[in-house]
K.L.:
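Following this message is one structure expressed as structure tokens.
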Amino acid sequence: MITGQEAAALRDNIARVRERAAEAAVRAGRSPEEVTLVAATKMNSAERVLFAVENGIAVCGENRVQELLEKYEQSAYGDADLQFIGTLQTNKVKYLIGKVSLIQSVGSPRLAQAIDREAGKHGIRQPVLLEVNIGREESKSGFIPENLWEFLEKIADFQNLEVRGLMAIPPANPADGNCLHYFHEMRQLFVDISTKKYDNVNMACLSMGMTNDFEDAIACGSTMIRVGTAIFGARGAPR
Ligand SMILES: *Cc1c(COP(=O)(O)O)cnc(C)c1O
């Protein structure tokens, strides 16, 4: 059960995040409508997620397949758009096709191929974003920026994929204290790719920015922010 206090906090948080995102857009000379808010729903119950959806969240991003399937069964996502934002193993792709409108985290040719194959079986074209390892971190998945170009040339082979843009999760503790230069690099890469013509690629979406840095990301051209903590509170905290 969601208590009255929790409900009020969730409503307030959603309103506050929207307001901050809109202000950041305006400060950057952009329209607030250019930025889509994706609620990162991991570790939140189906009930809390549904409450958020009923209170204005139009897009949910889940990052574990098992958790997504459980909440999907519980109708947690209501009318919201459901996207996948986490690390994805090729053998789990089949559970997502037909359920998610966007897979944000395609960070290898192998995963792209697996999604292409499954989408083909379902007779659909699956929208995806290419994940870029902009901080060149050993521990992270995603394309290293200079490797992206070679892959883009090959996307024509994946007729059941529709690349809609790029996604990045910059280093959690950047050396100079913020992620601005990573966001700028992402924006530059996004623009550079947009000016070229590749089959199955339509650079519409630049997904970057989370609770701690979504305003900076919007200032640098993000069109999609993925926010968890600022909406739902600290994960695992007593509620
Ligand atoms: C959890 C998560 C987020 C949101 O993180 P917060 O810092 O809680 O806003 C964004 N993107 C991905 C891929 C995530 O897993």
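For ligands, and for the atoms within them, numbers begin at 1 and follow the listed sequence. Because the structure is predicted, anything quoted here is derived from the model rather than measured.
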K.L.:
What residues, two or more places apart in sequence or in another chain, satisfy salt bridge (Lys or Arg N to Asp or Glu O under 4.0 Å) together with E73?
P.N.:
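Counting only residues at least two positions away or on another chain, E73 forms no salt bridge (Lys or Arg N to Asp or Glu O under 4.0 Å).
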K.L.:
Quick one: ligand 1 N/O to protein N/O pairs below 3.5 Å?
P.N.:
from     : atom 1 : to   : atom 2 : distance (Å)
ligand 1 : 8 (O)  : T229 : N      : 2.8
ligand 1 : 8 (O)  : T229 : OG1    : 2.6
ligand 1 : 8 (O)  : R235 : NH1    : 2.8
ligand 1 : 8 (O)  : R235 : NH2    : 3.3
ligand 1 : 9 (O)  : T211 : N      : 3.0
ligand 1 : 9 (O)  : T211 : OG1    : 2.5
ligand 1 : 9 (O)  : G228 : N      : 2.8
ligand 1 : 11 (N) : R226 : NE     : 2.9
ligand 1 : 15 (O) : K42  : NZ     : 2.6
ligand 1 : 15 (O) : N63  : ND2    : 2.8

K.L.:
Show me, pair by pair, the donor-acceptor contacts under 3.5 angstrom made by side chains of residues 180-187, not counting sequence neighbours?
P.N.:
none

K.L.:
Should the pair R136-E146 be classified as a salt bridge under the 4.0 Å nitrogen-to-oxygen rule?
P.N.:
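Yes, R136 and E146 are salt-bridged.
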K.L.:
Looking at E23 and R20, is any side-chain nitrogen of the basic one under 4.0 Å from a carboxylate oxygen of the acidic one?
P.N.:
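The answer is no: the pair does not qualify as a salt bridge.
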K.L.:
Got a salt bridge between K140 and E131, using NZ or NE/NH1/NH2 to carboxylate O under 4.0 Å?
P.N.:
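Not counted as a salt bridge, because no side-chain N and carboxylate O are separated by less than 4.0 Å.
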K.L.:
Applying side-chain hydrogen bond (donor to acceptor under 3.5 Å, both in side chains), name anything that partners S207, two or more places apart in sequence or on another chain.
P.N.:
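With sequence neighbours excluded, S207 shows a side-chain hydrogen bond (donor to acceptor under 3.5 Å, both in side chains) to Q104, R226, given in chain and number order.
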